[in-house]
Amino acid sequence: MLARPKKHRRCAAAWALAGLGLLASASGQAAEEASEGRGNPLRFSGFATLGLAHNDNATAGAITSFSQLKPVQQGWSANMDTVLGLQLEWQPLSGTTFQVQGVARAGEDMQPRLRIAALRQQLGHGLSLNLGRMRSPLFFDSSIAEIGYANLTVRPAPTIYALTNSVAGLDGADLHWRLNFGDASVLAQVFGGRYDYTHRFNNFSPALSADASLRGMLGFSLSANLQDLTVRVSRTEIDRYVLRSEQVSQINSGLDQLSGALQQMALNPQLPPTLQSGLQAKAQGLDALRNPFDNRPVYTSLGMDGNWQQWRLLAELTWMDPRNDLVGRGTGYSLTLARSFGDFTPYLSLARLKRSSARLNTSALAPSGLDPQLDAGLNQLKQGFDRAQQFADISSRSVSIGLRWDWRENMAIKTQLDQIRTPNASTPGPLAVPVLPFDNKLQLFSVTLDLVF
């Protein structure tokens, strides 16, 4: 992908902000006109974060998701957290609401992205139906991951959320059922749909892009909301998670050529039957390696948010099973402990994601011993798959300390220091690493101003 000139980037950012600003102006004017007539069916709201982050690592960049175009490289950058989001709600009838939300992030050149475009219909008896595009329901904080003010910390830990933040929405439907018990309530949600996004492979310099397509997303969540405690469990299954790019096509083409060569050799009548069957099995093994990044993931989360006087505890356990031997399963947790002193809230956060060893069977790429050129091609592909397995390992752990200052209504200033480590210098984790080995410890210092309006 060719880089755009800096002037072009500044113009794109300006037009993005202007477009979102026009939405705000139009919605505000419409709301004023409506309020003079039959009431106020329009409501405008939004959120914003102005953030700066400093990365001390010259060999790795920091990201919040694998769809982020511009990682935070060594030095200061606004690409990590700076965001503007605007939302318009229109309620033409009682119980019927249309929602539209657009978001522009500095890490994506401030290009507006549609996060919500949905119809919400109240069905009575605590039931409501959403149709259209909605925010992601995958993990405990997925729906508010980029709304800085809604998060106690600067951001949900990328150690856990970098992958799910890439799946920012859901195009489909969900059904909510709320049951109240005095001061407590239970909320059940079932959902289904699809989502498309651009996945970034940061293990190349420059980074490469792939078209990611998620189909057959089905899931549920169940939340119990008590006076000082919220507990949520969720599970999402995706029938097809497809990644397509020029590089994947090249891999498939190489596998097809080698498989064809093996099959052609197996047709030689002078070969022993055992060798012929071995070559055919080797060709079938190569065919099985096509589209190596395709998977059928299952995401499971168990999270809680509890308050006791001035103390607050947030915790989440996550499980990711991609049902793909190249990627491997992941088990993670995050834990945040905070205490309020008036408007000031210091906090400490721990997070970790551990991937089980990948079990991709690459025995079909072993040398045949029959043709030097064929064996050279097999070896080249094996090296590529070994490298892909290294970069697919997103294992990491992080420790964060921070301070939140709610200095005005709906506004907060936060400072946070993160230390992120991966298991070794050959495991990139959720970092933008173009070359292995690398310095696998990264320190990130962040300052943000968060607001909602």
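Scope of the values below: all heavy atoms of this structure, side chains included, with no hydrogens, waters or symmetry mates. We're numbering straight along the sequence, starting at 1.
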Using only atom types and a distance under 3.5 Å, with no angle test, would you say the side chain of [X] pairs donor to acceptor with the backbone of [Y]?
X      : Y      : answer
Thr49  : Gly51  : no
Asn440 : Ser426 : no
Ser136 : Val167 : yes
Asp450 : Ala150 : no
Thr82  : Ala78  : yes
Asn295 : Phe293 : yes
Asn55  : Ala60  : yes
Asp393 : Gln389 : no
Ser356 : Gly328 : no
Asn202 : Leu431 : no

Any side-chain donor-acceptor pair under 3.5 Å between [X] and [Y]?
X      : Y      : value
Gln87  : Glu89  : yes
Ser446 : Arg155 : yes
Gln416 : Thr153 : no
Asn252 : Asn291 : yes

Taking only residues two or more places apart in sequence or in another chain, which ones pass side-chain hydrogen bond (donor to acceptor under 3.5 Å, both in side chains) with [X]?
X      : answer
Arg404 : Asp406
Ser67  : Ser65
Ser142 : none

At their closest point, which heavy atom of [X] faces which heavy atom of [Y], and how far apart are they?
X      : Y      : answer
Asp256 : Arg290 : OD1-NE, 3.1 Å
Arg200 : Ser209 : NH1-OG, 2.6 Å
Phe66  : Gly429 : CZ-O, 4.4 Å
Ala106 : Asn79  : O-OD1, 3.4 Å
Asn424 : Phe438 : O-CE2, 4.0 Å
Ile420 : Ser398 : CG1-CB, 4.0 Å

Which is it for Val399 and Leu348 under the side-chain contact (heavy atoms from CB on, under 4.5 Å) test, yes or no, and what are the steps along the way?
-> CA-CA 8 Å; Val399 179; Leu348 171 66; 4.2 Å; yes
May I have the list of side-chain donor-acceptor pairs in residues 120-127 shorter than 3.5 Å, sequence neighbours left out?
unit_1	atom_1	unit_2	atom_2	d
Arg120	NE	Asn130	OD1	3.3
Gln121	OE1	Thr96	OG1	2.6
Gln121	NE2	Gly95	O	3.3
Gln121	NE2	Thr96	OG1	3.4

Salt-bridged, [X] to [Y], with N to O below 4.0 Å?
X      : Y      : value
Lys414 : Asp81  : no
Arg232 : Asp305 : no
Lys70  : Asp109 : yes
Asp321 : Arg329 : yes

For the pair Phe445 and Trp76, name the ring-plane relationship: parallel under 30°, tilted 30 to 60°, perpendicular over 60°.
-> perpendicular
If the plane angle is over 60° it's perpendicular, under 30° parallel, otherwise tilted; pick one for Tyr195 and Tyr197.
->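 Parallel: the ring planes of Tyr195 and Tyr197 meet at under 30°.
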Just so I know, are the side chains of [X] and [Y] near enough to count as touching, which here means a heavy-atom distance under 4.5 Å?
X      : Y      : answer
Ile251 : Phe385 : yes
Tyr299 : Ile238 : yes
Glu108 : Thr198 : no

Straight-line distance of [X] [atom1] to [Y] [atom2], nearest 0.5 Å:
X      : Y      : atom1 : atom2 : result
Leu255 : Leu286 : CG    : CG    : 6.0 Å
Thr236 : Leu138 : OG1   : CG    : 5.0 Å
Arg240 : Met217 : CZ    : CE    : 13.0 Å
Met80  : Leu52  : CE    : CG    : 13.0 Å
Phe391 : Asp386 : CZ    : CG    : 12.5 Å
Glu246 : Leu208 : CD    : CG    : 8.5 Å

Using the salt bridge (charged side-chain N to carboxylate O under 4.0 Å, His left out) criterion, which residues pair with [X]? Sequence neighbours excluded.
X      : value
Arg397 : none
Arg178 : none
Arg105 : Glu146
Arg323 : none

Quick one: which residue pairs count as a ring pair (Phe, Tyr, Trp, His ring centres under 6.0 Å) with a foot in residues 137-185, not counting sequence neighbours?
-> Phe139-Tyr161
Intermediate values then yes/no, side-chain contact (heavy atoms from CB on, under 4.5 Å), Asp211 and Asp196 | CA-CA 7 Å; Asp211 295 326; Asp196 297 321; over 6 Å; no
Listed pairs under 3.5 Å, donor-acceptor, residues 219-228 side chains, sequence neighbours left out:
unit_1	atom_1	unit_2	atom_2	d
Ser221	OG	Gln189	OE1	2.9
Asn225	OD1	Thr230	OG1	3.4
Asn225	ND2	Ser185	OG	3.4

Set of residues satisfying ring pair (Phe, Tyr, Trp, His ring centres under 6.0 Å) with respect to Tyr241, sequence neighbours excluded |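 With neighbours one apart ignored, the set is empty.
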Full working for side-chain contact (heavy atoms from CB on, under 4.5 Å) between Val103 and Arg135 | CA-CA 12 Å; Val103 172; Arg135 279 188 166 270; 3.8 Å; yes
Which donor-acceptor pairs under 3.5 Å do side chains of residues 332-346 form with protein atoms, sequence neighbours excluded?
unit_1	atom_1	unit_2	atom_2	d
Thr336	OG1	Ser349	OG	2.8
Ser340	OG	Thr345	OG1	3.2

Can Leu449 and Met411 be said to form a side-chain contact (heavy atoms from CB on, under 4.5 Å), step by step?
-> CA-CA 7 Å; Leu449 169 64; Met411 301 179 74; 4.2 Å; yes
